[in-house]
Amino acid sequence: MAKMRVTLINGRIVDGEITTEHGSSAEPMLLADGKKFSALDAVNNGILIHPVNDPIVDLWLNTF
C-alpha cells in the first residue's frame, strides 16, 4: 500500500493510500477520507495526489 497526501475537490488535504486489498476486485483503488476512488473517479472529481512517482500510482492510473 502506498501512502500519499490527497487533496480533495473542496481543498481539504487528507491521508490516502492506493491498495488492491479492498474487496473482490483486483483493481487498485484510492482510499481517502473513508471513500474508495477509482482512477477515473479521481480524475473526474479533480482529486490530486502526491507523490505521483510511486509505481503503484502508475498501476492505478492504468486502470482506466
Side-chain angles (χ1 to χ4, degrees):
M1 292 185 278
K3 301 276 186 188
M4 58 196 53
R5 184 177 60 201
V6 179
T7 305
L8 302 174
I9 193 164
N10 63 5
R12 198 161 56 94
I13 298 172
V14 298
D15 290 332
E17 61 187 356
I18 296 178
T19 181
T20 57
E21 300 170 10
H22 56 80
S24 60
S25 175
E27 288 189 5
M29 297 291 281
L30 171 65
L31 304 175
D33 199 32
K35 299 176 184 155
K36 298 176 190 174
F37 298 96
S38 69
L40 186 58
D41 291 338
V43 169
N44 284 338
N45 290 314
I47 294 172
L48 303 174
I49 59 172
H50 181 78
V52 295
N53 60 347
D54 192 302
I56 198 161
V57 173
D58 290 335
L59 177 65
W60 176 64
L61 288 174
N62 284 328
T63 61
F64 76 97

First locate atom [atom1] of [X], then atom [atom2] of [Y], and finally report the distance between them rounded to the nearest 0.5 Å.
| X | Y | atom1 | atom2 | result |
| --- | --- | --- | --- | --- |
| I49 | I18 | CD1 | CD1 | 4.5 Å |
| S38 | N45 | OG | CG | 9.0 Å |
| D41 | K36 | CG | NZ | 12.0 Å |

Should [X] and [Y] be regarded as members of a common hydrophobic cluster, given that ILVMFWY residues are connected when their side-chain heavy atoms come within less than 4.5 Å of each other, either directly or indirectly?
| X | Y | answer |
| --- | --- | --- |
| I13 | L8 | no |
| I47 | V43 | yes |
| L48 | I9 | no |

Inset, instruction - Please report the C-alpha distance between T7 and H50 in whole Å, then the side-chain angles of each, then the deciding distance to 0.1 Å, and finally whether the side chain to side chain contact (heavy atoms under 4.5 Å, CB included) criterion is met. - result: CA-CA 8 Å; T7 305; H50 181 78; over 6 Å; no
Inset, instruction - For the pair D33 (side chain) and K35 (backbone), establish whether a donor and an acceptor sit closer than 3.5 Å, ignoring hydrogens and angles. - result: no
Legend entry - Of L31, D15, V14, the residue whose pairing with V6 passes side chain to side chain contact (heavy atoms under 4.5 Å, CB included): V14
Legend entry - Closest heavy-atom pair and its distance - V57, P51: CG2-O, 4.0 Å
Inset, instruction - Give the minimum heavy-atom separation between F37 and W60, together with the two atoms involved. - result: O-NE1, 3.5 Å
